[in-house]
Amino acid sequence: MTDPTGAESTAHTDGTAVRGDRFSGGPARGFLSSLGADARIFEADIAVDRAHVVMLAETEIIDATAAGTILQALDTIAIEGHDALEGGEDVHEAIESAVIEQVGPEGGKMHTARSRNDEVATCIRYRLREDLLEAIDAAIGLREAFAAVATDHRETVMCGFTHLQPAQPTTLAHWAVSYERALTRDTERLFEAFDRTNQSPLGSCAFGGTPFPIDRERTATLLGFDGLVENAMDGASSRDFLLEATTALAGLATTLSGIAEDLVIYANRGFVELDDDYASTSSIMPQKKNPDSIELVRSTAGIAHAGVTGLLNTLKGLPRAYNIDLQNATPHAWDTVDAVTEATTVTAGAIATATFQVETLEAAAGEGFTTATGVADQLAMGGLPFRTAHEIVAQAAQHGSDLEAIRDAADEILEEPLETYCSENTIEKRLDPSQSVADRSSRGGPAPAAIDSQLELLTTELTEHENELEARNQSLVSAHEQLAEVTHQYV
Ligand code: ARG
C-alpha cells in the first residue's frame, strides 16, 4: 500500500479508504453490500470511471498526471477483474479503494464531482443497454424463424381455433405471421426502452449537482449515451427505465408463453414434431418425448412478471432523492432480461428446427365443421340476411354438417328453396377447407395472396429493425473504441 511517492498510504481495501473508519463493519455489513450482485456492472463501472477521469482532466478539475495515474490503476483493476476486488459496500467503493491502494491518496481524486448515486445509475443504464440489444437480437431471430415457416407454408391448411375449439380453416403461414407481428411490436417496445435507458445521469452527483465545472455532455459522449437525464435529482433517483425495460420484456415473455402453449398443444395433436434438442424424455416411461424446453419457455412469463411486480413494489412510495431501496430494484431487471432473452433464443431454435406435419394439419383442417362460417357467408352473399344464414348453418351443424343437413335446415327455416340464394354446387365448394382459406383474401386474411402482402410488409420491417439494431450496436462499439483511445492518451 504505497503511493507513487513511496509514502505509506492509509488506504484499506475494505472500504475504509473511502469513508474512513466509521460505518465500515458490524452485523449489517453483508446485508448492506451489493458487491456480489455488482459483478454484472464491474466493466460498466470501469468505463464510467475512465470517462469521468478523462472529463476531469479535460476540464482541468484534476491534472493530467493524476488522471494518468488513476487510469493506469483502472487498467490493472480491469484486467484483474471483479473477483480480485477485496470487499466493500459495492463495486464503486471497491474499485475506488483498489485505485487508492495502488496509487495512494492521489487516487482519491477520482471521486471528485460525483457520487455513487449518479455512478450506479450510469452503470446500470450502461449495462442494461447491451442486455436490451441482446434481447432485441433474440426477438429478431425468432421473427426470422416464423418468417421462414410462413414462407414455406403459405398453402398448408390447418384448423384455426378460438376457445381452443375448432373455428375456421387457416394456414400455418397465417398462424406464423400472427406471432411474427406480435413479436415486431415487442421489438419496438424494447427499442423504445433502450432509447430511454440510453441517457446519461452522470454528473447528477448525489442528486444536487456540483460546484465543479464538469462537462456532462462529454462523459455522455464518451460512454456512448444519446443524451442526458437533464435534472440531477431525477438522474440520481429515477429507475423508471428499469421498469420500462422489464415491462417490455414481460410483454415479450407473454407472447412467448402463447407460442409455447400452442406448440405444446400442437405437439400433442401431432401437428408438429419438435427436434430432439428441444424435447426431453421420461426417466420411467421409455416411449415419452416431452416438450420440456417449451414448457420452460411458457413459464418464463412468470419470472418476467415477477420482475415487473418486484420493481413496481420496490419503487412505489420512494421519496426523492436517492434511497438504497434502489439497490434491490436492479436485480429484478437482470433476472428478467436474462430469462427472457434465453427463452426467446430457445424458442427461435425450436421453431427453426420443428417439423410441421402437413398431412396431419390438413386432415384436421375441417374438423368440427370449421367451414360453417364460409357457408353462411356464401348464403348471405346470395342476399339472405346473415343472421338467417347463421341460423340455417347452426341447425345443419347439429345434423351432419354436410350439404344434406344444410338443405334440410334451409327447408325448415326458409319459405323459398335454398337454390334461390346459392347453388348446391357452390355450397359444396365452400365446404372444402382449402377453398375456404382461398376465399378469405381480405386484407390480413389467410388466403395465399393476402399472406404475400403480409410477408412483404414483414420483410421490410424485419430489415428495418435489423438495421436499427446494427446502428445501435455500432454506436456502442465506437464509443467503446473512442473511450479506449482517449484514455490511453493519459497512460
Ligand atoms: N450500491 C448502491 C446501489 O446499487 C449505490 C450506492 C449508493 N449508496 C448510498 N448509500 N448512497 O444503488
Side-chain angles (χ1 to χ4, degrees), residues 13-49 51-52 77 82-83 85-100 108 110-129 131 197 199-210 219 223 229 232-243 245-246 307 310-338:
T13 50
D14 59 0
T16 51
V18 173
R19 286 173 291 117
D21 282 332
R22 246 185 123 201
F23 304 125
S24 55
R29 191 186 167 103
F31 185 64
L32 264 179
S33 175
S34 62
L35 189 58
D38 286 348
R40 179 112 186 182
I41 52 169
F42 173 79
E43 280 169 33
D45 195 67
I46 295 280
V48 169
D49 285 345
H52 181 67
I77 294 163
H82 183 266
D83 290 347
L85 294 173
E86 284 188 36
E89 200 173 280
D90 54 31
V91 70
H92 322 291
E93 188 183 273
I95 289 178
E96 191 188 341
S97 296
V99 168
I100 294 170
M110 182 169 79
H111 209 55
T112 312
R114 76 170 186 191
S115 147
R116 280 184 299 155
N117 297 352
D118 61 336
E119 195 180 350
V120 69
T122 312
C123 290
I124 304 168
R125 287 171 182 265
Y126 183 96
R127 173 60 204 250
L128 185 62
R129 293 185 310 191
D131 292 323
T197 297
Q199 306 287 318
S200 176
L202 195 60
S204 296
C205 304
F207 75 86
T210 175
T219 45
L223 292 168
V229 183
M233 192 183 291
D234 181 30
S237 18
S238 293
R239 293 293 185 273
D240 53 283
F241 69 95
L242 286 181
L243 181 63
T246 305
L311 273 166
L312 284 170
N313 283 293
T314 310
L315 299 179
K316 83 168 274 293
L318 288 185
R320 282 292 191 243
Y322 180 87
N323 304 272
I324 205 164
D325 304 52
L326 297 178
Q327 179 167 290
N328 278 343
T330 317
H332 291 297
W334 302 146
D335 291 349
T336 302
V337 74
D338 287 346

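Every heavy atom of this structure was used, including side-chain atoms; hydrogens, water molecules and symmetry mates were not. Counting starts at 1 for both ligands and their atoms, following the listed order. Residue numbers count from 1 along this sequence.
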Checklist entry - Which protein non-hydrogen atom lies closest to atom 10 (N) of ligand 1, naming both residue and atom, and how far is it? => result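 It is R116 NH2, 3.7 Å.
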Checklist entry - Which residue holds the protein heavy atom closest to atom 6 (C) of ligand 1, what is that atom called, and what is the gap in Å? => result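 Heavy-atom neighbour on the protein nearest atom 6 (C) of ligand 1: D90 OD2, 3.2 Å.
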Checklist entry - So which of E93, E89, Q327 gets nearest to atom 1 (N) of ligand 1, if we judge by its closest heavy atom? => result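 Selected option, by shortest heavy-atom distance: Q327.
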Checklist entry - What pairs with N117 under side-chain hydrogen bond (donor to acceptor under 3.5 Å, both in side chains), at least two apart in sequence or on another chain? => result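 By the side-chain hydrogen bond (donor to acceptor under 3.5 Å, both in side chains) rule, N117 matches no residue at all.
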Item to check | Within-cut-off N or O pair, Y322 and ligand 1, under 3.5 Å | outcome: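 Yes, at least one N or O pair falls under 3.5 Å.
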Item to check | ligand 1 atoms in contact with S34 (distance to a heavy atom under 4.0 Å) | outcome: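 Listed by number with element, the hits are 1 (N).
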Checklist entry - Listed by chain and number, what are the ring pair (Phe, Tyr, Trp, His ring centres under 6.0 Å) partners of H82, not counting sequence neighbours? => result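 Partners of H82 by the ring pair (Phe, Tyr, Trp, His ring centres under 6.0 Å) criterion, ordered by chain and then number, come out as F42.
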Checklist entry - Do we get R125 above F241's six-membered ring, with its NZ or CZ under 6.0 Å from the centre and within 45° of the axis? => result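 So R125 does make the cation-pi contact.
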Next on the checklist: Just to check, does N117 reach to within less than 4.0 Å of ligand 1 when the distance is taken from its heavy atoms?
Outcome noted: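 Contact check N117 vs ligand 1: positive.
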Next on the checklist: Please determine whether a side-chain nitrogen of the Lys or Arg among D49 and R114 lies less than 4.0 Å from a carboxylate oxygen of the Asp or Glu.
Outcome noted: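 Looking at D49 and R114, the cut-off is met.
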Next on the checklist: Taking the basic N atoms (NZ, or NE/NH1/NH2) and the acidic carboxylate oxygens, is any pair closer than 4.0 Å for R40 and D131?
Outcome noted: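 Here R40 pairs with D131 in a salt bridge, since their nearest N and O are under 4.0 Å apart.
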